[in-house]
Undergrad: 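Starting off with a structure, shown below.
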Amino acid sequence: MDRSRPLARRPLVTLLTAAALAASGLTALTSAARAADADLARNGGFESALDGWTCTAGAVVNAPVHSGGAALKATPAGADNARCAQTVTVRPDSQYTLSGYVRGTYVYLGASGTGTTDVSTWAQSAPDWQRLTTTFRTGPATTRVTLYTHGWYGTGAYHADDISLTGPGGETGQPPAVPGGLTAGSVTSTGVALSWSPVPGATGYAVYRDGTRVSTVTGTSTTVTGLTPSTAYAFQVAAVNDAGESVRSATVTATTAERPDGGGSGDLPAHALVGYLHASFANGSGYTRLADVPDSWDVIDLAFGEPTTVTSGDIRFERCPVSECPNVESDAEFKAAVKAKQAAGKKVLISIGGQNGQVQLTTTAARDKFVSSVSAIIDEYGLDGLDIDFEGHSLSLNADDTDFKNPKTPVVVNLIAAVKTLKAKYGDDFVLTMAPETFFVQLGYQYYGTGKWGGQDPRAGAYLPVIHALRDDLTLLHVQDYNSGPIMGLDNQYHSMGGADFHIAMTDMLLTGFPVAGDAANVFPPLRPDQVAIGMPASVNAGNGHVSPAEVNKALNCLTKKTDCGSYATHGTWPELRGLMTWSINWDRFANWEFQENFDAYFG
């Protein structure tokens, strides 16, 4: 890898005598300039966590530190250099010194947006704390500069502490006035529309729900989403500019509406067990007839409906042939079993995709074919709805698609439109579930699509616009907490499969919401707890990430009772968490129904 080398240090030569300084009048000038200088970096010692900093992969640690009780630890990845940055207000045409202490390999400290020449300095290898320093002069119209530190791709974690920018402070003025006229407008079961009067000099507005900042907007209205039906909420708003944030407005309360009939709940029990049934293939677990699935399973996803070609949108469901599944039931018996399950209050869905079923709705023709072909499967077998299990390369984002709330990519836009059409056709009783991998959902906390600077995997976070657009129609989201690499949680620590901690952290993100790609102004709102089930492998044979029943119960205890939480602190307690999903019913039968029996014992 070709890395730029730092400039060699130049010797400092002092040629001016005290008499010459006095004669030129520079002594007084230098003293006055120093008196006006200040440290403009906010929370440069990271004593207040990451307050003031925006980091792609950073967290505050208590050791090692250069001074005080905290320092930054940031971990680069293959497509991310773990950049932490903050923007400060400066004075035009002024001199500044940037300094800080770092540890690690290839650690950079720099400033951009100077209006002259952007600067950076670096340490190639710093096994112990090493001071970095550089200087720059702002341009004649520069009032804001961004300070940053970062590592190098895939080279391991680095540390930074005591970052300082000294020089004359900018003219920040005063924070804006308190917004007035805050009003709650239209209210749905999951959202409240807010509006308020504009404030002179404000560059944005911070919106608070029950005392917690949930979004930042530039206009004077917004809709707070992801709320629970029939629940009272308190809202405030504050005006923001470069000088800071105003006092919060007077509080306005609003109560969300009741969930509409059908409202995405699918008439499920308070705690539901979801499982995939191998209906079109056999493997080491053996074929299980639908009629033989125990009554414990509340939602049965028939795996899988697959496309004739990747981009056709033409979905076919071919039941397992006798040559592969000798004990397969006839079509008539299968359809009778569907009706029997429904009569017992169970839901039977067609699951589209899976590991081998890549679906890319690149055109409107593919979108329409998807609707008609999925409808044909649902109608033929009398099914209750659809499970979207798009994996692999089914969903990825175009380079210019950066806002999950307003997607542009055809495969995403067409999928959303197709599902909305199906929902409208079948009505409120239509059950819609999704089973994305963590790469397509929780990874969006760090990365979204190709990223601001390009080079990231375009699939990162690509399910987020689909979930968000369909959240009011969504019955269940059960992310696959398996076959996953380490994922950063809301504690800015990486979590790996193998224990309750991973399931707790991943589920907490769905129920709390999170800023997408670290952007505090672009938050993915939380889902209702009754919309969320935890996806787990049924046995060690079913997939990577299997955990014992004891670890399953620890995860449930933490999320629903806030006990057995271990090292991860959740952001709430959700006794209405819907339940568990597993791959698969067949593998659980192979393992003597351990997963099912533990679920039944836990929820009684």
Side-chain angles (χ1 to χ4, degrees), residues 189-190 226 228-231 258-259 262-277 293-301 341-349 351 384-385 387 429 431-435 471 474-482 500 502-512 526-538 546-565 570-585 587-589 591 593-604:
S189 60
T190 58
T228 301
S230 304
T231 303
E258 294 182 0
R259 185 178 302 132
S265 69
D267 298 324
L268 296 176
H271 301 292
L273 180 60
V274 182
Y276 287 80
L277 183 68
V293 175
D295 288 341
S296 296
W297 301 90
D298 301 295
V299 180
I300 302 168
D301 293 323
K341 289 297 180 186
Q342 292 168 333
K346 313 305 178 184
K347 305 298 179 183
V348 185
L349 316 181
S351 180
D384 295 287
D387 172 69
D429 292 334
V431 178
L432 173 64
T433 65
M434 300 182 194
R471 63 173 57 238
L474 182 64
T475 308
L476 280 177
L477 177 73
H478 31 66
V479 175
Q480 301 177 34
D481 286 0
Y482 45 89
F502 187 68
H503 299 294
I504 293 167
M506 295 302 98
T507 307
D508 180 65
M509 296 178 78
L510 302 177
L511 297 173
T512 303
L527 292 167
R528 303 190 314 265
D530 64 279
Q531 289 179 298
V532 175
I534 309 173
M536 302 176 172
H546 173 261
V547 296
S548 68
E551 292 299 301
V552 173
N553 294 347
K554 284 181 182 179
L556 291 172
N557 284 340
C558 180
L559 292 163
T560 65
K561 304 173 185 177
K562 219 172 179 84
T563 61
D564 286 341
C565 288
T570 63
H571 293 76
T573 307
W574 302 278
E576 294 180 349
L577 179 74
R578 183 63 76 177
L580 301 179
M581 174 275 279
T582 194
W583 177 264
S584 62
I585 294 173
W587 280 117
D588 196 35
R589 180 180 184 178
W593 303 113
E594 180 183 74
F595 193 88
Q596 168 203 301
E597 290 178 357
N598 183 67
F599 177 90
D600 289 342
Y602 186 90
F603 287 110

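For this chain, numbers begin at 1 and follow the sequence in order.
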Undergrad: Quick check against the 3.5 Å criterion: does K347 have a side-chain atom that pairs as donor or acceptor with the backbone of G385?
TA: no

Undergrad: Report yes or no: does T573 contribute a side-chain atom to a donor-acceptor pair with the main-chain N or O of K561 at less than 3.5 Å?
TA: no

Undergrad: State, with a plain yes or no, whether a side-chain heavy atom of T512 is found less than 4.5 Å away from one of W574.
TA: yes

Undergrad: Could you pull out all residues at least two apart from K341 that satisfy side-chain hydrogen bond (donor to acceptor under 3.5 Å, both in side chains)?
TA: none

Undergrad: Between R578 (side chain) and P269 (backbone), is there a donor-acceptor pair under 3.5 Å?
TA: yes

Undergrad: Could you measure the distance from the CG atom of D481 to the CE atom of M536? Nearest 0.5 Å is fine.
TA: 7.0 Å

Undergrad: Run T560 and F603 through side-chain contact (heavy atoms from CB on, under 4.5 Å) and show every step you take.
TA: CA-CA 11 Å; T560 65; F603 287 110; 5.6 Å; no

Undergrad: Give a yes or no answer on whether the side chain of R471 reaches the backbone of P526 with a donor-acceptor pair at less than 3.5 Å.
TA: yes

Undergrad: Quick one: pull up NE2 in H571 and CE in M509 and give me the separation to the nearest 0.5 Å.
TA: 10.0 Å

Undergrad: Tell me the closest heavy-atom pair linking T582 and P537, and the distance in Å.
TA: OG1-C, 3.4 Å

Undergrad: Does any non-hydrogen side-chain atom of L556 lie less than 4.5 Å from one of F599?
TA: no

Undergrad: Would you check if the side chain of T475 reaches a backbone N or O of L432 as a donor-acceptor pair within less than 3.5 Å?
TA: yes

Undergrad: Can you sort out the partners of D384 under side-chain hydrogen bond (donor to acceptor under 3.5 Å, both in side chains), two or more places apart, ordered by chain and number?
TA: Q342

Undergrad: Could you please spell out the steps behind the side-chain contact (heavy atoms from CB on, under 4.5 Å) verdict for Y482 and V547?
TA: CA-CA 10 Å; Y482 45 89; V547 296; over 6 Å; no

Undergrad: Nearest 0.5 Å, what's the CG-CG distance between D387 and D301?
TA: 4.0 Å

Undergrad: One pair to check against side-chain contact (heavy atoms from CB on, under 4.5 Å): L577 and I534. What are the steps and the verdict?
TA: CA-CA 9 Å; L577 179 74; I534 309 173; 4.1 Å; yes

Undergrad: Heavy atoms only: give me the nearest N553-Y602 pair and the separation to one decimal.
TA: OD1-CD1, 3.6 Å

Undergrad: For residues S584 and A538, report the shortest heavy-atom separation together with the two atoms involved.
TA: O-CB, 3.6 Å

Undergrad: Under a 3.5 Å distance rule, please check whether Q480 uses its side chain to pair with a backbone N or O of G535 as donor and acceptor.
TA: no

Undergrad: Is the shortest heavy-atom distance from the side chain of I585 to the side chain of I300 under 4.5 Å?
TA: yes

Undergrad: Just verifying a value: how many Å separate L273 CG and D295 CG, rounded to the nearest 0.5 Å?
TA: 11.5 Å

Undergrad: Is there a donor-acceptor pair under 3.5 Å between the side chain of Q596 and the backbone N or O of W593?
TA: no

Undergrad: Write down the atom of A555, the atom of A500, and the distance for their closest heavy-atom approach.
TA: N-CB, 3.8 Å

Undergrad: How long is the span from the CG atom in L349 to the OH atom in Y276, to the nearest 0.5 Å?
TA: 8.5 Å

Undergrad: Which pair of non-hydrogen atoms, one from G572 and one from K562, has the smallest distance, and what is that distance?
TA: O-NZ, 3.6 Å

Undergrad: To the nearest 0.5 Å, what is the distance between CG (L511) and CG (L559)?
TA: 7.0 Å

Undergrad: Applying side-chain contact (heavy atoms from CB on, under 4.5 Å) to V299 and V431, what does each step give before you reach the verdict?
TA: CA-CA 10 Å; V299 180; V431 178; 5.5 Å; no

Undergrad: Please check if the side chain of D508 supplies one atom and the backbone of I504 the other of a donor-acceptor pair under 3.5 Å.
TA: no

Undergrad: Could I get the full list of side-chain hydrogen bond (donor to acceptor under 3.5 Å, both in side chains) partners for E597, not counting sequence neighbours?
TA: none

Undergrad: Are the side chain of H478 and the backbone of L580 linked by a donor-acceptor contact shorter than 3.5 Å?
TA: no

